[in-house]
Amino acid sequence: MKMGKRIVTLMAAMAAVNGGSAVAQSGFSDWYYYKESDGVQVYYAVRVDRDEIRVAWKCVNTGDEVRACSIGAGGDKTYFCRRDGVAAGITTSLGERATLDAISEHVFPSDFACRGKGATDVQPSARISIER
């Protein structure tokens with residue numbers, strides 16, 4: 001791939017990420033950057049409901065090769081729940097994996113987090129694995 005075409009393609013991918021082209025479901029926050037590995041950026045978004053918090057994850061492949069993105073890397077995702085800045089408990093959810101074409105993104109269905117904890121905020125934690 002010629003350098004000029006690659007730069008234009010990467011700029012288009014970044015515009016898609018920054019423009020929120022793959023938005024989480026209605027009522028979610030903006031995407032928060034979580035981590036980058038091997039050309040794949042991982043983000044999460046949250047929605048605080050009355051008795052739970054929902055967390056959606058997104059993988060963005062900025063490279064020109066197919067990648068697999070695993071949130072949890074074979075294990076669970078962990079959600080540290082807080083209520084007004086004070087720890088309110090921990091919940092977990094099964095990990096998930098998706099294959100990403102070159103210059104593409106995938107939004108996973110949202111998880112239930114902090115259900116029944118009266119939480120007002122959550123800090124997600126997950127191992128990330130990117131495979132070729």
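These numbers come from a predicted model, not from an experiment.
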Asks: Would Ile71 and Cys59 satisfy side-chain contact (heavy atoms from CB on, under 4.5 Å), going step by step from the backbone distance to the final call?
Replies: CA-CA 9 Å; Ile71 310 293; Cys59 295; 3.7 Å; yes
Asks: Can you label the angle between the Trp57 ring and the Tyr44 ring as parallel, tilted or perpendicular, going by 30° and 60°?
Replies: tilted
Asks: How close do Ala73 and Ser129 get, heavy atom to heavy atom, and via which atoms?
Replies: CB-CB, 3.7 Å
Asks: Can you see which heavy atom on Ala119 is nearest to which on Ile53, and at what distance?
Replies: CB-CD1, 3.8 Å
Asks: Once rounded to the nearest 0.5 Å, what's the spacing between atom CZ of Arg132 and atom CD of Glu65?
Replies: 5.0 Å
Asks: Would you check if the side chain of Asp76 reaches a backbone N or O of Thr78 as a donor-acceptor pair within less than 3.5 Å?
Replies: no
Asks: Please check if Tyr32 and Val48 belong to a single hydrophobic cluster, counting links between Ile, Leu, Val, Met, Phe, Trp and Tyr side chain heavy atoms closer than 4.5 Å.
Replies: yes
Asks: Got a sec, which residues hit side chain to side chain donor-acceptor pair (under 3.5 Å) with Ser104, two or more places apart in sequence or on another chain?
Replies: none
Asks: Give a yes or no on whether Val40 and Tyr34 share a hydrophobic cluster (residues Ile, Leu, Val, Met, Phe, Trp, Tyr; joining criterion: side-chain heavy atoms under 4.5 Å apart).
Replies: yes
Asks: Can you name the nearest heavy-atom pair linking Asn61 to Ala102, along with the distance?
Replies: ND2-CA, 3.8 Å
Asks: Going hydrophobic residue to hydrophobic residue with side-chain gaps under 4.5 angstrom, can you get from Ile128 over to Trp31?
Replies: no
Asks: Are Ile103 and Leu100 linked, directly or through intermediate hydrophobic residues, by side-chain heavy-atom contacts shorter than 4.5 Å (ILVMFWY only)?
Replies: no
Asks: Could you give the distance from SG (Cys114) to CD (Gln123), rounded to the nearest 0.5 Å?
Replies: 10.5 Å
Asks: Go through Arg54 and Phe112 one step at a time and tell me if the side-chain contact (heavy atoms from CB on, under 4.5 Å) criterion holds.
Replies: CA-CA 5 Å; Arg54 302 285 305 208; Phe112 293 104; 2.4 Å; yes
Asks: Counting N and O atoms only, with roles assigned by atom type, does the side chain of Arg67 sit under 3.5 Å from a partner on the main chain of Asp38, one being a donor and the other an acceptor?
Replies: yes
Asks: May I ask you to decide if Asp111's main-chain N or O and Tyr79's side chain share a donor-acceptor pair within less than 3.5 Å?
Replies: no
Asks: Can a donor-acceptor pair be found, under 3.5 Å and without considering hydrogens, that links the side chain of Ser70 to the backbone of Arg97?
Replies: no
Asks: If every non-hydrogen atom of Phe28 is compared with every non-hydrogen atom of Ser110, which pair is closest and at what distance?
Replies: CZ-CB, 3.7 Å
Asks: Please check this pair: side chain of Lys77 against backbone of Leu94, looking for a donor-acceptor N/O pair closer than 3.5 Å.
Replies: yes
Asks: Of all the heavy-atom pairs spanning Tyr43 and Tyr33, show the shortest one and how long it is.
Replies: CD2-CA, 3.5 Å
Asks: Among Ile, Leu, Val, Met, Phe, Trp and Tyr joined by side-chain contacts under 4.5 Å, find the other residues sharing a cluster with Phe80 and list them by chain and number.
Replies: Ile90
Asks: Which heavy atom of Phe108 sits nearest to which heavy atom of Cys69, and what is that distance?
Replies: CZ-O, 4.1 Å
Asks: Are Val107 and Val55 connected in the hydrophobic side-chain network, where two residues link if heavy atoms are under 4.5 Å apart?
Replies: no
Asks: Give a yes or no answer on whether the side chain of Ser29 reaches the backbone of Val46 with a donor-acceptor pair at less than 3.5 Å.
Replies: yes
Asks: Determine whether more than 12 heavy atoms belonging to other residues, nucleotides or ligands lie under 6.0 Å from atom CZ of Arg82.
Replies: yes
